[in-house]
Structure formats: structure tokens, C-alpha cells
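Have a look at the structure below before the remarks.
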Amino acid sequence: MSSLLQPVVAHVKSKEVDWGVVRAYPHDNGHTYKVPVYDMEVSGLGPSATAKTTVFKVIRFGVKQSSASDTPTVVGLKDKQVHILSRVDYMEGSWQLYGNFLIHDGANNPQKSAWGQIGCIEVVGMMGGKDAWKVFEALVLSLSGAKTAAKLGKSGKFSIKIDAVATRPPLVEHS
């Protein structure tokens, strides 16, 4: 059945388009940090075989602090890379790039609501009055023709391209 599914590609761009706030993870030190927001284009053919691209806002860098005595550090995916995504259960459903790096739900208002972030790609904001993560999830299923995220995840038809950035952003405490 997976051969009947259409490919879907997510493409995280390198240009900073906005900003959001995150908390250190796994140790929340009580501070929030300002990080860039990037565009992620999601494209495919969809059921009508017409090319469609939708742009989502994502946070791709977070702040790691392992313990109270550890220094917070900016972490995340800065290098150019391509991955086939698989489905995992984290946060009631996420997309795994590799290891602990995932695409998952993020804050609906990323400039006011700080989530613990350790370098996963978080789909943030609202689109048309709806949680952007829910719009993203529905879109990838529609574009692929998969009935469930689990089927798409097993098909090998959902991939991500990540553009490189020269350096990770600096650690900036948000006031």
C-alpha cells in the first residue's frame, strides 16, 4: 500500500523570519531565552495531483541545561541534512529525524509561551485560527494520501531537508 502514497517533503529554511522564547531543558532554570523562528515549507502533490506548498513557522534551536550546576547552551540542528521521517509516540505523535531529534508540536504563541526546547523542530503558531501543528499533521496526510500518520511513517515517503546555518544563534536571555 505504501507504493500508492505520494511523497511529502518538509524543507526547513536558513533565514530567520521571526523570534520565539524557550526554556532550558531538561533542567528548567526559571529563565527564558530568545531564539530565531524559521520557515518550513511542506510540499507534495496531494489527492488532485496538483503541486501544493504550505509554509509553517518553526523553532529549530533550543537551550540545553542538564542540571542546576550546568551552564545553559544553545543546541539544535545547524548543518545541512536530509532524513526520511518515521512516526513516534512522543507528545501524542511526533516525526523522528534520528535519535532524539523530532518534529513536534510547539507553542501556539511562541513569543509569549516558552516551552522546554532542546533542539527539536517545533511547529509553532496559529494558522487560520487553528493550532499550526494540527494543520501540519492534516496537511501531510492529505498530501501523501495516507489514512494515518503511522502508515505514512512506515512508508518512507515523508522526508525533511534542513538548510545549514553558519552558526547556532547566541544564548540571549529574554526579559
Side-chain angles (χ1 to χ4, degrees), residues 9-42 53-83 85-140 149 158-175:
V9 178
H11 184 184
V12 178
K13 303 295 192 157
S14 61
K15 182 181 176 189
E16 297 176 14
V17 296
D18 208 344
W19 61 274
V21 291
V22 298
R23 290 182 284 110
Y25 187 85
H27 175 75
D28 181 356
N29 61 18
H31 300 279
T32 59
Y33 300 91
K34 193 173 179 178
V35 295
V37 170
Y38 299 85
D39 282 341
M40 179 176 70
E41 295 178 350
V42 177
T53 299
T54 302
V55 179
F56 295 86
K57 302 298 181 209
V58 297
I59 291 176
R60 72 187 266 188
F61 293 103
V63 176
K64 181 179 181 181
Q65 186 173 5
S66 297
S67 67
S69 61
D70 190 27
T71 302
T73 308
V74 175
V75 294
L77 302 168
K78 76 172 199 63
D79 299 325
K80 181 179 180 177
Q81 48 199 287
V82 176
H83 300 281
L85 300 171
S86 58
R87 188 68 171 184
V88 295
D89 291 333
Y90 181 73
M91 291 184 65
E92 299 179 15
S94 302
W95 297 98
Q96 183 180 40
L97 285 70
Y98 69 91
N100 290 327
F101 288 99
L102 308 170
I103 302 174
H104 61 72
D105 193 7
N108 288 344
N109 188 341
Q111 292 182 350
K112 292 187 178 179
S113 179
W115 289 28
Q117 221 296 18
I118 197 166
C120 290
I121 296 171
E122 290 185 353
V123 177
V124 297
M126 301 288 287
M127 296 178 75
K130 297 179 183 174
D131 179 342
W133 173 253
K134 291 180 180 168
V135 174
F136 169 80
E137 289 275 78
L139 178 67
V140 298
F158 189 17
S159 63
I160 186 167
K161 297 188 293 189
I162 300 172
D163 289 346
V165 295
T167 60
R168 287 182 181 90
L171 184 68
V172 177
E173 200 166 318
H174 181 255
S175 51

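Values in this document were obtained by computation on a predicted structure and should not be read as measured data.
Between Thr32 and Ala114, the shortest heavy-atom distance links the atoms CG2-CB, 3.7 Å. The heavy-atom pair separating Pro26 from Ser66 by the smallest distance is CD-CA, 4.1 Å.
Residues passing the salt bridge (Lys or Arg N to Asp or Glu O under 4.0 Å) test with Lys13, sequence neighbours excluded: Glu41. Listed by chain and number, the residues in a side-chain contact (heavy atoms from CB on, under 4.5 Å) with Gln65 are Ala24, His27, Asn29, Asp70, Pro72 (sequence neighbours excluded). For Trp95, the side-chain hydrogen bond (donor to acceptor under 3.5 Å, both in side chains) partners two or more places apart in sequence, or in a different chain, are Glu137. In this structure His31 satisfies the side-chain hydrogen bond (donor to acceptor under 3.5 Å, both in side chains) test together with Glu173, sequence neighbours excluded. Applying the side-chain hydrogen bond (donor to acceptor under 3.5 Å, both in side chains) rule to Thr167 yields no partners; only residues at least two apart in sequence or on another chain are considered. Taking Arg168 as the reference, nothing meets the salt bridge (Lys or Arg N to Asp or Glu O under 4.0 Å) condition, with sequence neighbours excluded. Annotation: side-chain contact (heavy atoms from CB on, under 4.5 Å) contacts of Tyr25 (sequence neighbours excluded): Ile118. Applying the side-chain contact (heavy atoms from CB on, under 4.5 Å) rule to Pro36 yields the partners Glu16, Tyr38, Pro169; only residues at least two apart in sequence or on another chain are considered. Listed by chain and residue number, Val9, His11, Val82 satisfy the side-chain contact (heavy atoms from CB on, under 4.5 Å) test with Lys161 (two or more places apart in sequence, or in another chain).
Within the 3.5 Å criterion, the main-chain N or O of Asp79 finds a donor-acceptor partner in the side chain of Gln81.
Separation of atoms SG (Cys120) and CG (Leu97) is listed at 8.5 Å; rounding is to 0.5 Å. To the nearest 0.5 Å, the span separating CD on Gln96 from NE2 on His83 amounts to 10.5 Å.
The shortest side-chain heavy-atom distance between Val135 and Phe56 falls under the 4.5 Å cut-off. Counting heavy atoms from C-beta on, the side chains of Tyr98 and Leu77 come closer than 4.5 Å. Proximity of Val63 to Leu171: side-chain heavy atoms (C-beta onward) are separated by under 4.5 Å at one or more points. Between Gln117 and Ile59 there is a side-chain heavy-atom pair separated by less than 4.5 Å.
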- Task: Applying side-chain contact (heavy atoms from CB on, under 4.5 Å), run through Trp133 and Glu122 and close with a yes or a no.
- Result: CA-CA 9 Å; Trp133 173 253; Glu122 290 185 353; over 6 Å; no

- Item | Candidate pair Ile160 and Val12, rule side-chain contact (heavy atoms from CB on, under 4.5 Å), full reasoning | CA-CA 8 Å; Ile160 186 167; Val12 178; 3.9 Å; yes

- Item | Pair Met91-Leu102, side-chain contact (heavy atoms from CB on, under 4.5 Å): steps then yes or no | CA-CA 10 Å; Met91 291 184 65; Leu102 308 170; over 6 Å; no

Show me the donor-acceptor pairs within less than 3.5 Å that the side chains of residues 104-112 make with the rest of the protein, sequence neighbours left out.
residue: Gln111; atom: NE2; partner: Asp18; partner atom: OD1; Å: 2.9
residue: Gln111; atom: NE2; partner: Trp19; partner atom: O; Å: 3.3

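Screening residues 56-68 for salt bridge (Lys or Arg N to Asp or Glu O under 4.0 Å) gives Asp39-Lys57 as the qualifying pairs, with residues at least two apart or on separate chains. Sorted by first then second residue, the salt bridge (Lys or Arg N to Asp or Glu O under 4.0 Å) pairs that include residues 24-33, not counting sequence neighbours, are Arg23-Asp28.
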